[in-house]
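Order of listing sets the numbers, starting from 1, for every ligand and every atom in it.
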Amino acid sequence: MSNRRPIVAGNWKMNKTVDESESLAREVAGVVSGVDDVDVVVCPTFTGLDRVSAAVAGTNIEVGGQNVHWESEGAYTGEISTAMLLTAGCSHVILGHSERRQFFGETDETVNRRLRAAIEAGLTPIVCVGESQSERESGTTARVISAQVNGALEGIGSDDVARIVMAYEPVWAIGTGLTATPEQAEEVHAQIRGELAGLAGQSTADGVRIQYGGSVKPDNAVELFSKPDIDGGLIGGASLEADSFAAIVKAAES
Ligand code: PEP
């Protein structure tokens with residue numbers, strides 16, 4: 001880990017009712033309360049945001065949405081606006097998660113539109129990129145990552161790039177129990193930092209946090225987070241239980 005402040009975010013996906021979300025948020029707040037050198041974010045479902053934000057108010061936990069639309073309002077059934085996230089207490093938003101890309105037609109272009117809206121609204125975007133199993137096996141990982149980073153961040157100025165959090169999430173490792181080895185992850189993280197340097201200059205790129213995501217668990221987090229370009233994690237399954245999420249957060253402490 002470098003001098004970048006690590007960030008660990010829990011992506012609760014389509015799990016937990018409103019009551020369950022509030023309970024989990026309170027439990028997480030209890031177990032991470034002493035952590036002061038890691039940014040901790042939880043991303044419940046849209047319906048859980050308001051109650052979760054109220055439950056963690058005054059703690060060291062921030063709240064994020066799992067997506068946001070680029071328009072401010074209108075006939076966009078099923079979508080949510082930046083103002084809706086902000087007024088529900090969000091400071092962060094996940095964009096371009098592979099499940100959005102895989103199941104809901106998200107593309108680099110739509111991620112870019114969502115990203116511009118998030119930046120404009122002052123939300124901290126967590127922009128996800130990652131290759132599929134067949135892309136890794138066919139040796140095209142670097143090409144895929146390059147296209148995703150440059151496509152998602154197209155036209156974003158360096159001051160705004162500095163505010164983005166990136167997440168490298170190999171699709172084959174998400175929810176599968178398979179994890180990239182720390183070396184595999186570091187190789188792609190270093191590439192992402194290089195792509196960011198090409199877009200925004202080396203010193204900006206050096207300040208951007210890049211999370212790893214893909215079956216991070218308490219027993220593999222320390223090794224992953226010890227790599228120089230890995231600045232914390234985006235956690236799915238293991239964030240649904242307060243103790244395992246807290247153990248991962250603590251693994252990111254310096
Ligand atoms: C994710 O969905 O962002 C994720 C990394 O999931 P998991 O930790 O369950 O692999």
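Between Lys217 and ligand 1, no N or O atom pair is found at a separation short of 3.5 Å. Taking any N or O of Gly175, backbone or side chain, at least one lies under 3.5 Å from an N or O belonging to ligand 1. Considering backbone and side-chain atoms together, Gly237 places an N or O closer than 3.5 Å to an N or O of ligand 1. On a distance-only criterion, Lys13 and ligand 1 share at least one N/O pair closer than 3.5 Å.
Taking every non-hydrogen atom of Gly214 and a distance limit under 4.0 Å, the qualifying atoms of ligand 1 come out as 5 (C), 10 (O). The ligand atoms of ligand 1 that sit less than 4.0 angstrom from a heavy atom of Gly213 are 5 (C).
Proximity of Leu199 to Asn150: side-chain heavy atoms (C-beta onward) are separated by under 4.5 Å at one or more points. Counting heavy atoms from C-beta outward, Leu95 and Arg113 have side chains that stay 4.5 Å or more apart. When side chains are defined from C-beta on, Asp231 does not count as touching His189, because their heavy atoms never get closer than 4.5 Å.
For atom 4 (C) of ligand 1, the candidate residues are Ser98, Ala238, Gly233, Gly236; the nearest heavy-atom contact is made by Gly236.
In terms of protein heavy atoms, atom 5 (C) of ligand 1 is closest to Glu169 OE2, 3.0 Å. Atom 1 (C) of ligand 1 has His97 NE2, 3.2 Å as its closest protein atom, hydrogens excluded (heavy atom only).
Within the 4.0 Å heavy-atom criterion, the part of Asn11 lying near ligand 1 is the side chain and not the backbone.
Taking the charged nitrogens against the carboxylate oxygens, Lys227 and Glu183 do have a contact shorter than 4.0 Å, which makes a salt bridge. Between Arg114 and Glu79 a salt bridge is recorded (basic side-chain N to carboxylate O distance below 4.0 Å). A salt bridge is defined here as a Lys NZ or Arg NE, NH1 or NH2 lying under 4.0 Å from an Asp or Glu carboxylate O, and Glu22 with Arg26 meets this definition.
In the displayed structure, Glu223 atom CD is contacted under 6.0 Å by at most 12 heavy atoms of other residues, nucleotides or ligands.
Contact annotation: Ala173 has at least one heavy atom less than 4.0 Å from an atom of ligand 1. Heavy atoms of Ser215 come nearer than 4.0 angstrom to ligand 1 in at least one pair.
Glu106 and Thr110 are linked by a side-chain donor-acceptor pair at a separation below 3.5 angstrom, with hydrogens and angles left out of the test.
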